[in-house]
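So the structure is just underneath, and the comments pick up after that.
Order of appearance sets the numbers: ligands from 1, and atoms from 1 within every ligand. Note that the structure is a prediction, hence the values are computed from the model and not measured.
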Amino acid sequence: MKILVIGGGGREHALVWKLKQSARVEKIWCAPGNGGIAEDAECVAVEAGDISGLVALAEKSAPDLTVVGPELPLVNGISDVFSQRNWAIVGPSRKAAQLEGSKIFSKEFLLRHNIPTAKMVGAYDASRDAYAALNSVDWPLVIKADGLCAGKGVFLAPDADAARQFLERVMEKNELGPGGQRVLLEETLEGEELSFIVLTDGERYAPLVPTRDHKRAFDGNKGPNTGGMGAYSSDELLPVALRDTVISTIIEPTFSGLAKEAIPYKGFLYFGLMLTRQGPKVLEFNCRLGDPEAQAIVARMDFDLAEVLADVAAGKLEPAKLLWKRGASACVVLASGGYPGKFVVGKRIVGITSIRDNTGVQVFQAGTRREGDSLVTSGGRVLGVTASANSLEIALKLAYQAAEKIHFDGMHYRKDIGGHVGRVTAAGE
Ligand code: AMP
């Protein structure tokens with residue numbers, strides 16, 4: 001099997017690493033890839049959002065399967081374009097990707113199908129209507145820019161002044177680009193968050209192991225939001241009773257809603273959940289694997305990912321094939337100094353080779369590139385040090401021990417990944 005993977009972050013490195021382990025796989029291309037992926041696949045300089053460039057690449061290299069990592073090509077319709085040519089692809093249609101590409105589309109979908117979610121105050125495309133709505137809401141209030149905004153489109157407004165300022169920035173000054181032209185106002189939910197991701201071929205689905213990510217930059221959930229500073233997976237995150245509730249009140253109604261509306265979906269569907277006192281509710285959908293959740297999930301896979309993804313593309317998913325290592329996994333992200341604000345790239349990374357042979361530890365690379373014989377930083381999130389073990393405690397210990405051996409100027413990482421384990425059961429009751 002020859003496989004094309006689209007994307008160039010830690011998630012894609014994890015996917016490539018796992019796909020390469022399959023005896024069926026003889027070749028992997030990655031577009032655009034990164035310094036670490038280049039060791040496991042042939043990187044091709046085509047950006048993930050460049051649909052015509054990717055079509056040209058697939059025409060030339062004729063992969064048997066294409067696997068899409070990030071949301072942008074999906075929202076831009078890559079799955080439709082490849083499917084029209086009968087090219088096997090794992091990734092939802094443009095219509096289905098609207099579940100992530102438009103917060104208003106996804107909220108209306110949730111409401112139409114009675115799936116538990118935060119109450120909507122309203123959706124607005126004129127700022128004066130949004131300002132007027134602020135007169136009769138409870139605080140804090142959640143404001144969401146409708147379109148893709150690289151993780152900057154959600155604001156928890158403590159009061160009307162802060163809400164007005166945010167609305168002005170996104171709707172009048174267009175600081176987030178076209179994604180901020182329309183906004184959604186909704187109730188604030190309280191509880192612990194949980195990422196529940198399923199793999200589907202449109203007919204059947206298989207849940208992946210549960211994960212939780214850490215979005216804030218610093219320990220104790222302080223500092224600005226980031227793309228994700230770490231994640232962990234453990235079966236304890238999702239007790240059986242909670243899992244049953246999530247499946248019956250959220251997952252099943254979502255798939256029957258997609259079927260009723262004839263929206264085809266092949267790929268990963270990510271349910272961002274808030275475990276509230278009233279039960280689990282949907283915060284958001286993503287039309288792909290999370291990053292760094294993917295790294296923690298891949299570390300626990302005990303099946304042939306290439307075979308299962310080929311089944312998905314062919315509409316023949318067999319959920320029983322997805323077997324998982326018992327225990328837990330953790331991914332600690334090592335970031336550039338200053339990230340998620342301004343940071344300098346080109347810093348030399350040392351120490352990775354010393355942990356290559358450690359059992360249970362894998363360093364997935366994100367913002368890296370090769371410069372001669374050296375590996376240097378090229379982005380905000382640089383590496384995801386990932387470990388799996390029989391318990392979360394040991395997985396975390398292994399990941400942190402490995403992280404200590406790595407160095408680049410300005411490197412920072414959170415020391416409390418996975419620190420919340422055990423509190424979830426109470427929140428989900
Ligand atoms: P989203 O992209 O919609 O998931 O929002 C990003 C983050 O904002 C989520 O992971 C939550 O931490 C937070 N968030 C979104 N919606 C709500 C809500 N209704 N109540 C509380 N927090 C929220």
Side-chain angles (χ1 to χ4, degrees), residues 70-72 74-75 97-111 115-123 133-134 137-159 162-163 166 170 176-177 179-180 182-197 210-218 220-232 237 246 250 254 268-294 333 340 414 417 420 423-424 427-428:
E71 61 278 19
L72 187 61
L74 295 166
V75 171
Q98 286 299 298
L99 288 176
E100 173 166 6
S102 165
K103 302 276 188 201
I104 297 171
F105 176 92
S106 72
K107 179 62 72 178
E108 288 171 347
F109 177 89
L110 288 162
L111 296 174
I115 300 165
T117 184
K119 282 197 198 82
M120 174 163 87
V121 173
L134 299 179
V137 295
D138 294 327
W139 304 97
L141 174 76
V142 173
I143 307 180
K144 295 183 174 180
D146 183 48
L148 292 183
C149 294
K152 297 193 176 112
V154 176
F155 181 62
L156 185 67
D159 53 40
F166 181 77
V170 302
L176 298 179
R182 302 175 76 203
V183 297
L184 171 73
L185 307 187
E186 70 178 35
E187 147 199 46
T188 300
L189 298 178
E190 281 176 31
E192 296 266 14
E193 290 184 39
L194 182 75
S195 307
F196 193 94
I197 308 176
T211 46
R212 175 168 292 147
D213 72 339
H214 299 261
K215 284 259 180 267
R216 299 295 197 102
F218 309 123
N221 288 331
K222 301 229 165 57
N225 260 323
T226 69
M229 294 297 289
Y232 66 102
L237 271 173
V246 170
I250 293 174
T254 298
F268 297 99
L269 178 55
Y270 173 122
F271 296 78
L273 305 178
M274 186 73 97
L275 306 178
T276 75
R277 282 181 184 282
Q278 296 84 41
K281 298 189 181 184
V282 177
L283 288 174
E284 65 164 336
F285 289 115
N286 288 331
C287 59
R288 34 95 198 167
L289 283 166
D291 182 341
E293 288 97 326
V333 170
R414 277 183 64 160
I417 302 304
H420 288 295
R423 288 170 51 201
V424 153

Considering Glu187, Lys144, Glu284, Lys119, which one's heavy-atom position lies nearest to atom 16 (N) of ligand 1? Lys144

Hey, is Leu283 touching ligand 1 through its side chain, its backbone, both or neither, going by heavy atoms under 4.0 Å? both

for atom 5 (O) of ligand 1, nearest protein heavy atom and its distance come out as Val154 CG2, 3.3 Å

Check against ring-ring contact (aromatic ring centres under 6.0 Å, His included), Tyr270 and Phe285: CA-CA 5 Å; Tyr270 173 122; Phe285 289 115; 9.5 Å; no

Check the pair Lys103, Glu186 against salt bridge (charged side-chain N to carboxylate O under 4.0 Å, His left out), reporting the backbone distance first and the verdict last. CA-CA 11 Å; Lys103 302 276 188 201; Glu186 70 178 35; over 6 Å; no

Could you grab the distance from atom CD of Glu192 to atom CE of Met274, nearest 0.5 Å is fine? 9.0 Å

Would you mind running through ligand 1 and noting each atom that sits below 4.0 Å from a heavy atom of Glu186? 16 (N), 17 (C), 18 (C), 19 (N)

For Thr188, the ligand 1 atoms with a heavy-atom partner under 4.0 Å come out as 20 (N), 21 (C)

Which of the atoms of ligand 1 are close to Val142, meaning less than 4.0 Å from one of its heavy atoms? 16 (N), 17 (C), 18 (C), 19 (N), 20 (N)

Once you measure the plane-to-plane angle for Phe155 and Phe166, does it fall in the parallel (<30°), tilted (30-60°) or perpendicular (>60°) bin? parallel

Those atoms of ligand 1 less than 4.0 Å from some heavy atom in Leu189: 18 (C), 19 (N), 20 (N), 21 (C)

Could you tell me whether Lys152 atom NZ has more than 12 heavy atoms of other residues or ligands within 6.0 Å of it? no

Lys215 backbone acceptor or donor facing Thr226 side chain under 3.5 Å: yes

Main chain of Gly272, side chain of Glu284: is a donor-acceptor contact present, judged purely on distance under 3.5 Å? no

Please state which protein non-hydrogen atom is closest to atom 22 (N) of ligand 1 and give its distance, to 0.1 Å? Met274 CE, 4.0 Å

Would Arg212 and Tyr232 satisfy side chain to side chain donor-acceptor pair (under 3.5 Å), going step by step from the backbone distance to the final call? CA-CA 6 Å; Arg212 175 168 292 147; Tyr232 66 102; 3.2 Å; yes

Measure the distance from atom 10 (O) of ligand 1 to every protein heavy atom, then report the residue, atom name and distance (to 0.1 Å) of the closest one. Glu193 OE1, 2.8 Å

Quick one: does Arg414's side chain have a donor or acceptor within less than 3.5 Å of a partner on Arg216's backbone? yes

Look up atom 7 (C) of ligand 1 and tell me if a protein heavy atom lies less than 4.0 Å from it? no

Taking only heavy atoms of Ala118, which atoms of ligand 1 are found under 4.0 Å from at least one of them? 19 (N)

Using non-hydrogen atoms of the residue, decide whether Glu190 is closer than 4.0 angstrom to ligand 1. no

Looking only at protein heavy atoms, which one is nearest to atom 2 (O) of ligand 1, and what is the separation? Lys103 NZ, 2.9 Å

